[in-house]
Amino acid sequence: MGIRPTSRPVLRAAADIGQQLTTWRKLLGLTAEQVADRGGISRDTLRRIEHGDPGVNFAAVLSVARGLGVLDAIVTATDPYETDLGRARADQT
């Protein structure tokens, strides 16, 4: 089984998230070097994240989010119990 090509929606999402993390970095007045240090990653890996490279290690993306103070927001945004559907389905079990 080979590696499947990355879909356009995933590429768009990676680019959007990369741009949003870049914006957070700039709003916080942090340099790329500071964020890379906070995340325990290389400056090159941060550059790849900020440019929307979907092949970057997931832990690296989460480490950057943590360094920027937005990790909890990402966790909350993906919590199914934070949605009407998730809460409704939870009540059915």
Side-chain angles (χ1 to χ4, degrees):
M1 181 186 278
I3 297 175
R4 290 176 38 187
T6 305
S7 69
R8 287 181 190 206
V10 169
L11 292 172
R12 272 193 307 274
D16 289 348
I17 290 169
Q19 182 59 51
Q20 291 163 359
L21 293 175
T22 301
T23 301
W24 269 113
R25 175 175 63 78
K26 291 176 180 179
L27 287 172
L28 293 169
L30 298 170
T31 67
E33 185 174 336
Q34 289 171 314
V35 173
D37 286 345
R38 285 181 177 196
I41 61 172
S42 71
R43 175 64 185 93
D44 183 59
T45 299
L46 178 61
R47 183 179 307 110
R48 290 176 55 210
I49 291 169
E50 289 187 346
H51 285 95
D53 181 344
V56 176
N57 181 296
F58 188 55
V61 175
L62 296 178
S63 294
V64 168
R66 181 180 168 270
L68 293 171
V70 297
L71 180 59
D72 290 342
I74 292 172
V75 171
T76 299
T78 58
D79 182 349
Y81 297 114
E82 291 292 323
T83 68
D84 292 339
L85 175 64
R87 288 188 292 271
R89 295 274 170 98
D91 291 342
Q92 292 175 359
T93 59

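Bear in mind that the values here come from a model prediction, so they are computed numbers and not experimental data. The analysis underlying the following values was restricted to heavy atoms, covering all of them including side chains, and did not include hydrogens, waters or symmetry mates.
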Closest heavy-atom contact between A36 and L46? N-CD2, 3.9 Å
How long is the span from the CD1 atom in I17 to the CD atom in Q20, to the nearest 0.5 Å? 6.5 Å
Would you indicate whether R47, at its atom CZ, is surrounded by more than 12 heavy atoms from other residues, nucleotides or ligands within a distance under 6.0 Å? yes
Check this for me: D44, atom CG, are more than 12 non-hydrogen atoms of other residues, nucleotides or ligands nearer than 6.0 Å? yes
Residues passing the side chain to side chain donor-acceptor pair (under 3.5 Å) test with T6, sequence neighbours excluded, are none
Tell me, please, which residues at least two apart from D53 pass side chain to side chain donor-acceptor pair (under 3.5 Å). R48
Determine the minimum heavy-atom distance between A90 and Y81, stating which atoms define it. CB-CE2, 3.3 Å
Residues passing the side-chain contact (heavy atoms from CB on, under 4.5 Å) test with R12, sequence neighbours excluded, are R8, P9
Return the set of residues passing side-chain contact (heavy atoms from CB on, under 4.5 Å) with L85 (not counting sequence neighbours), or none when no residue passes. T83, R89
Shortest non-hydrogen contact from L68 toward L28: O-CD1, 3.4 Å
Sequence neighbours excluded, which residues qualify as side chain to side chain donor-acceptor pair (under 3.5 Å) partners of T45? S42
Report whether L71 and L30 are members of the same hydrophobic cluster (ILVMFWY, side-chain heavy atoms less than 4.5 Å apart, transitive linking). no
What closest approach, in Å, do R43 and E33 show between heavy atoms, and which atom pair accounts for it? CD-N, 4.2 Å
What's the shortest heavy-atom distance between E50 and R25, and which atoms? OE2-NE, 2.7 Å
Considering residues at least two apart in sequence or located in another chain, which fulfil the side chain to side chain donor-acceptor pair (under 3.5 Å) criterion with Q34? T31
Roughly how far, to the nearest 0.5 Å, is the CZ atom of R87 from the CD atom of E82? 6.5 Å
Measure the shortest side-chain to side-chain distance between I49 and I41 over non-hydrogen atoms and say whether it is less than 4.5 angstrom. yes
